[in-house]
Enquirer: 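Please read through the structure below; I'll follow up with questions.
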Amino acid sequence: MHYHAFVIKYAEIGIKGKNRYIFEDALVKQIERVLKNVEGTFNVTKVSGRVYLEAKDYDFDETVAALQTVFGITGICPTVCVSRDGDGKLPDPAGISKKVIEFVDGVYPDKHKTFKVKCRRVDKSYPKDSQEMDRDLGSDILDAFPEMKVDVHNPDILINVEIREQLNIFSEIIPGPGGMPTGSAGKAMLLLSGGIDSPVAGYMVAKRGVEIEAVYFNAPPYTSERAKQKVIDLAGVVAKYTGRVKLHVINFTDIQMYIYEKCPHDELTIIMRRYMMRIAQMLALNTGCSGLVTGESIGQVASQTMESLLCTNAVVDKMPVYRPVIAFDKQDIVDISLKIDAYETSILPYEDCCTIFVAKHPVTKPRIDIIEHHENNLAERIDQMIKTAIDTDEIIEIVK
Ligand code: ATP
Ligand code: MG
């Protein structure tokens, strides 16, 4: 079947009242963005409470795959359109019936299905009203395909027929990613490591319409270029959905060495994490982000017990820390990682700055007062080191 357009369905953005246009405009902008990378001629419009995409000379699979990366879209409906003739007329009822029968025949080779016709007559000058059309088209379909059956409550196929500026026929709804369109919320700073959890956390927050900026703490020469490349690739996974991610690569080596030298080794990870959070918050404040995002999950490792989370959380005082996978089991996180094509990259076995300096027996119940006391050992040089780390921030723009 050759489709001329797609009706784009969106759920939540439909209910935003007066602000609805902001969400629709963001959605249109994101659709236009992803289609720039797809061959074809496209035209996206907002018409009476819906987004409509006309498509010419395009590849169907590529177009659908691109639309499936646009947050805010809940359904993609491939649509057959019939334009008005030279006199501005749509086909008469018999002509519409012929088109609908062709549509059903083309889209559903197996006719052993139940169906329902749902007409919408936006052009009220059309001679028949919607209910008459439902009935008449239904009986025409039954005449053409006796194997088919009507089921008005729970049909296998819901055949939508719309009489608007043109005639639209669609039935299939290909699922979109859901969520809210990128650019309809603010911006957050994602602490992005090379692991499985943080790219998933970034994806989940991005799905709510939030733009993502990311920070990776790098420890050369203990961590390699390929470990860094892995993080760039993972930022690219999020950027596939949001269009761009600005990644800050912070050289963390001196700070880590200093902590290693001055603090008890069983507290290294917690203290390092606290400095990561502090620096991430500073970067967030400098770049207009209004929250941090991490891939932490309760109990996953020593640095993510409730007591450890209390310690790492305590240093962030100017914004919320969003932890979308906090209560997820690892397998649930892996499932999302697989779905968004991050997993294969996340499991590449490259060293991480945390694993290099990790203690054999890290504390699992750190006490905040003791941690703070040991951090006093860093008083002499740490502020300067943080400043240097931020001043030498390497910014990598990932644009999709
Ligand atoms: P991930 O799979 O995201 O690496 P993890 O299970 O390995 O998570 P940790 O290493 O304890 O967990 O890290 C917890 C969180 O701290 C990460 O999800 C990430 O948000 C942040 N984080 C850890 N290491 C780094 C790093 N080198 N750079 C940036 N953020 C980091
Ligand atoms: Mg990690």
Enquirer: Indicate whether any N or O donor in one side chain lies under 3.5 Å from an N or O acceptor in the other, for Tyr10 and Glu24.
Expert: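 A pair is found: one side chain offers a donor N or O, the other an acceptor, under 3.5 Å apart.
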Enquirer: When you check the side-chain N and O atoms of Glu54 and His4, is any donor under 3.5 Å from an acceptor?
Expert: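 Absent: no donor and acceptor within the cut-off.
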Enquirer: Please report the closest heavy-atom contact between Gly295 and Asp197, naming both atoms and the distance.
Expert: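 Answer, listing the atom of Gly295 first, then Asp197: O-CB, 3.2 Å.
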Enquirer: For the pair Tyr52 and Asn168, evaluate side-chain hydrogen bond (donor to acceptor under 3.5 Å, both in side chains) and give the outcome as yes or no after the intermediate values.
Expert: CA-CA 11 Å; Tyr52 189 75; Asn168 290 331; 2.9 Å; yes
Enquirer: Examine distances only and state if a side-chain atom of Thr287 and a backbone atom of Leu283 form a donor-acceptor pair shorter than 3.5 Å.
Expert: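 Yes.
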Enquirer: With no hydrogens and no angle check, is any side-chain donor or acceptor of Ser297 less than 3.5 Å from a backbone partner on Gln300?
Expert: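 No, Ser297 side chain to Gln300 backbone: no donor-acceptor pair under 3.5 Å.
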Enquirer: Between Lys116 and Asp134, does at least one N-O distance fall below 4.0 Å, as a salt bridge requires?
Expert: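 Not counted as a salt bridge, because no side-chain N and carboxylate O are separated by less than 4.0 Å.
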Enquirer: With no hydrogens and no angle check, do the side chains of Glu372 and Asn376 hold a donor and an acceptor under 3.5 Å apart?
Expert: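 Looking only at side-chain atoms, Asn376 and Glu372 do not form any donor-acceptor pair under 3.5 Å.
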Enquirer: Taking the side chain as every heavy atom from C-beta outward, state whether Asp105 and Phe145 have any atom pair closer than 4.5 Å.
Expert: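 Result yes, sub-4.5 Å side-chain heavy-atom pair found.
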Enquirer: Is a donor on one side and an acceptor on the other found under 3.5 Å between the side chain of Ser337 and the backbone of Tyr343?
Expert: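 Present.
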Enquirer: Consider only side-chain N and O atoms of Asn218 and Thr223, and report whether a donor and an acceptor are under 3.5 Å apart.
Expert: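 Yes.
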Enquirer: Atom CD of Gln68 and atom CD1 of Ile73: how far apart are they, to the nearest 0.5 Å?
Expert: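 Output value for this atom pair is 9.0 Å.
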Enquirer: Is there a donor-acceptor contact under 3.5 Å from the side chain of Thr74 to the main chain of Lys9?
Expert: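 Confirmed, Thr74 side chain pairs with Lys9 backbone.
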Enquirer: Would you indicate whether the side-chain heavy atoms of Phe328 and Ile336 approach each other to under 4.5 Å?
Expert: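 Yes; the side chains approach each other to less than 4.5 Å.
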Enquirer: Thinking salt bridges, do Lys387 and Asp383 make one under a 4.0 Å N-O criterion?
Expert: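 Here Lys387 does not pair with Asp383 in a salt bridge, since their nearest N and O are not under 4.0 Å apart.
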Enquirer: Just checking, any donor-acceptor pair under 3.5 angstrom between side chains of Asn377 and Glu375?
Expert: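 Checked: Asn377/Glu375 side chains show no N/O donor-acceptor pair below 3.5 Å.
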Enquirer: For Asp317, is there any backbone N or O sitting under 3.5 Å from a side-chain donor or acceptor partner on Gln281?
Expert: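 Yes.
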Enquirer: To the nearest 0.5 Å, what is the distance between CD1 on Ile212 and SG on Cys289?
Expert: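 Those atoms lie 8.5 Å apart.
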Enquirer: Between NE2 of His373 and CD1 of Ile368, what distance do you get to the nearest 0.5 Å?
Expert: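 Separation between the atoms: 15.0 Å.
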Enquirer: Under the criterion side-chain contact (heavy atoms from CB on, under 4.5 Å), which of Ile270, Asp266, Leu310 is the partner of Pro366?
Expert: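 Exactly one candidate clears the test, Ile270.
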Enquirer: Between Asp87 and Lys89, does at least one N-O distance fall below 4.0 Å, as a salt bridge requires?
Expert: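 No salt bridge links Asp87 with Lys89.
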Enquirer: If I compare all heavy atoms of Val117 with all of Val161, which pair ends up nearest, and what's the gap?
Expert: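 Distance-wise, the nearest heavy atoms are CG1-CG2, 4.3 Å.
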Enquirer: Check Lys98 with Asp140, please: is the shortest side-chain N to carboxylate O separation under 4.0 Å?
Expert: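 Here Asp140 does not pair with Lys98 in a salt bridge, since their nearest N and O are not under 4.0 Å apart.
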Enquirer: Is the closest basic N to carboxylate O distance between Arg84 and Glu165 below 4.0 Å?
Expert: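 A salt bridge is present here (some side-chain N lies under 4.0 Å from a carboxylate O).
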Enquirer: Which heavy atom of Ile76 sits nearest a heavy atom of Pro175, and at what distance?
Expert: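 Between these two residues, the closest heavy atoms are CD1-O, 4.3 Å.
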Enquirer: Looking at Glu132 and Arg121, is there a salt bridge between them, counting it only when a charged N and a carboxylate O are closer than 4.0 Å?
Expert: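 So Arg121 does not pair with Glu132 through a salt bridge.
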Enquirer: So, Thr79 side chain and Cys77 main chain: donor-acceptor pair closer than 3.5 Å or not?
Expert: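 Such a contact is found between Thr79 side chain and Cys77 backbone.
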Enquirer: Does either side chain, that of Arg33 or that of Gln30, offer a donor lying less than 3.5 Å from an acceptor on the other one?
Expert: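 Present: a donor and an acceptor within the cut-off.
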Enquirer: Does the pair Arg164 and Asp123 meet the rule for a salt bridge (Lys or Arg N to Asp or Glu O under 4.0 Å), with working shown?
Expert: CA-CA 5 Å; Arg164 295 177 172 255; Asp123 173 0; over 6 Å; no
Enquirer: Can you measure from CD1 (Ile101) to CG (Leu137) and round to the nearest 0.5 angstrom?
Expert: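 Output value for this atom pair is 8.0 Å.
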Enquirer: Quick one, Asp25 with Lys46, criterion salt bridge (Lys or Arg N to Asp or Glu O under 4.0 Å). Give me CA distance, side-chain angles, the key distance, then yes/no.
Expert: CA-CA 8 Å; Asp25 288 350; Lys46 294 195 294 179; 2.7 Å; yes
Enquirer: Considering non-hydrogen atoms only, spot the tightest contact between Thr305 and Thr364 and give its length.
Expert: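 Of all heavy-atom pairs spanning Thr305 and Thr364, the closest is OG1-O, 2.7 Å.
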Enquirer: With a 3.5 Å distance limit and no angle check, can you tell me whether Tyr322 reaches the backbone of Thr294 through a side-chain donor-acceptor pair?
Expert: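 Flag not set: sc Tyr322 to bb Thr294 has no pair under 3.5 Å.
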Enquirer: Is it the case that the side chains of Arg273 and Asn313 hold a donor-acceptor pair, with the cut-off being a distance below 3.5 Å and no angle test?
Expert: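 Asn313 vs Arg273: no donor-acceptor pair found between side chains.
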Enquirer: Kindly give the heavy-atom pair with the smallest separation between Gly195 and Leu234, and that separation in Å.
Expert: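 Minimum heavy-atom contact is O-CD1, 4.0 Å.
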Enquirer: Look up atom CZ in Arg244 and atom CD in Glu211, then write down how far apart they are to the nearest 0.5 Å.
Expert: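 Rounded to the nearest 0.5 Å, the CZ-CD separation comes to 8.5 Å.
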Enquirer: When you look at Met133 and Ile163, which way does the side-chain contact (heavy atoms from CB on, under 4.5 Å) test go after all the steps?
Expert: CA-CA 11 Å; Met133 300 244 333; Ile163 300 173; 3.5 Å; yes
Enquirer: For Asn160 and Glu162, what are the C-alpha separation, side-chain angles and deciding distance, and is it a side-chain hydrogen bond (donor to acceptor under 3.5 Å, both in side chains)?
Expert: CA-CA 6 Å; Asn160 293 278; Glu162 299 183 336; over 6 Å; no
Enquirer: Compare all side-chain heavy atoms of Val38 with those of Asp59 and state whether any distance is below 4.5 angstrom.
Expert: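 With C-beta onward as the side chain, the pair stays apart.
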Enquirer: Compare all side-chain heavy atoms of His374 with those of Pro264 and state whether any distance is below 4.5 angstrom.
Expert: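 The answer is yes; the side chains approach within 4.5 Å.
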Enquirer: Kindly indicate whether the side chain of Pro220, heavy atoms from C-beta on, has any atom under 4.5 Å from the side chain of Asn251.
Expert: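 Pro220 vs Asn251: side chains touch.
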Enquirer: Looking only at atom types and distance, does a side-chain atom of Lys187 sit under 3.5 Å from a main-chain N or O of Ser290, one as donor and one as acceptor?
Expert: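 No; zero donor-acceptor contacts below 3.5 Å.
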Enquirer: Evaluate ring pair (Phe, Tyr, Trp, His ring centres under 6.0 Å) for Tyr203 paired with Phe71, printing each intermediate quantity in order.
Expert: CA-CA 10 Å; Tyr203 166 84; Phe71 291 137; 5.5 Å; yes
Enquirer: Can a donor-acceptor pair be found, under 3.5 Å and without considering hydrogens, that links the side chain of Arg208 to the backbone of Ala185?
Expert: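 It does not hold such a pair.
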Enquirer: Run the side-chain contact (heavy atoms from CB on, under 4.5 Å) check on Asp329 and Ile333 step by step: do they pass?
Expert: CA-CA 7 Å; Asp329 290 346; Ile333 304 173; over 6 Å; no
Enquirer: Donor-acceptor pair, distance only, cut-off 3.5 Å: does the side chain of Lys318 make one with the backbone of Gly291?
Expert: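 Answer holds: no.
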Enquirer: Could you check if a side-chain atom of Leu53 sits within less than 4.5 angstrom of a side-chain atom of Asn43, using non-hydrogen atoms only?
Expert: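 No - every pair of side-chain heavy atoms lies 4.5 Å or more apart.
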Enquirer: Quick one: sort the Phe103 and Tyr108 rings into parallel, tilted or perpendicular, breaks at 30° and 60°.
Expert: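 Phe103 and Tyr108: perpendicular rings.
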Enquirer: Would you please test Ser193 and Ser198 for side-chain hydrogen bond (donor to acceptor under 3.5 Å, both in side chains) and show each step?
Expert: CA-CA 6 Å; Ser193 67; Ser198 45; 3.2 Å; yes
Enquirer: Can you find a side-chain donor-acceptor pair between His248 and Asp393 that sits under 3.5 Å?
Expert: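 Asp393 and His248 do have a side-chain donor-acceptor pair below 3.5 Å.
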Enquirer: Within 45 degrees of the axis of the six-membered ring of Phe23 and under 6.0 Å from its centre: does Arg20 put its NZ or CZ there?
Expert: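 Pair Arg20/Phe23 does not count as cation-pi.
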Enquirer: Do the non-hydrogen side-chain atoms of Gln331 and Val334 ever get within less than 4.5 Å of each other?
Expert: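 Yes, close enough: below the 4.5 Å cut-off.
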Enquirer: Go through the steps to decide whether Leu192 and Val215 satisfy the test side-chain contact (heavy atoms from CB on, under 4.5 Å), and finish with yes or no.
Expert: CA-CA 6 Å; Leu192 182 61; Val215 53; over 6 Å; no
Enquirer: Flag the pair Asp129 and Lys124 as a salt bridge only when some basic side-chain nitrogen lies within less than 4.0 angstrom of an acidic carboxylate oxygen.
Expert: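 Between Lys124 and Asp129 there is no salt bridge, as every charged N stays at least 4.0 Å from the carboxylate O atoms.
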Enquirer: Please determine whether residues Phe60 and Phe170 belong to a single hydrophobic cluster, defined as Ile, Leu, Val, Met, Phe, Trp and Tyr linked transitively by side-chain heavy-atom distances below 4.5 Å.
Expert: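 In one cluster: no.
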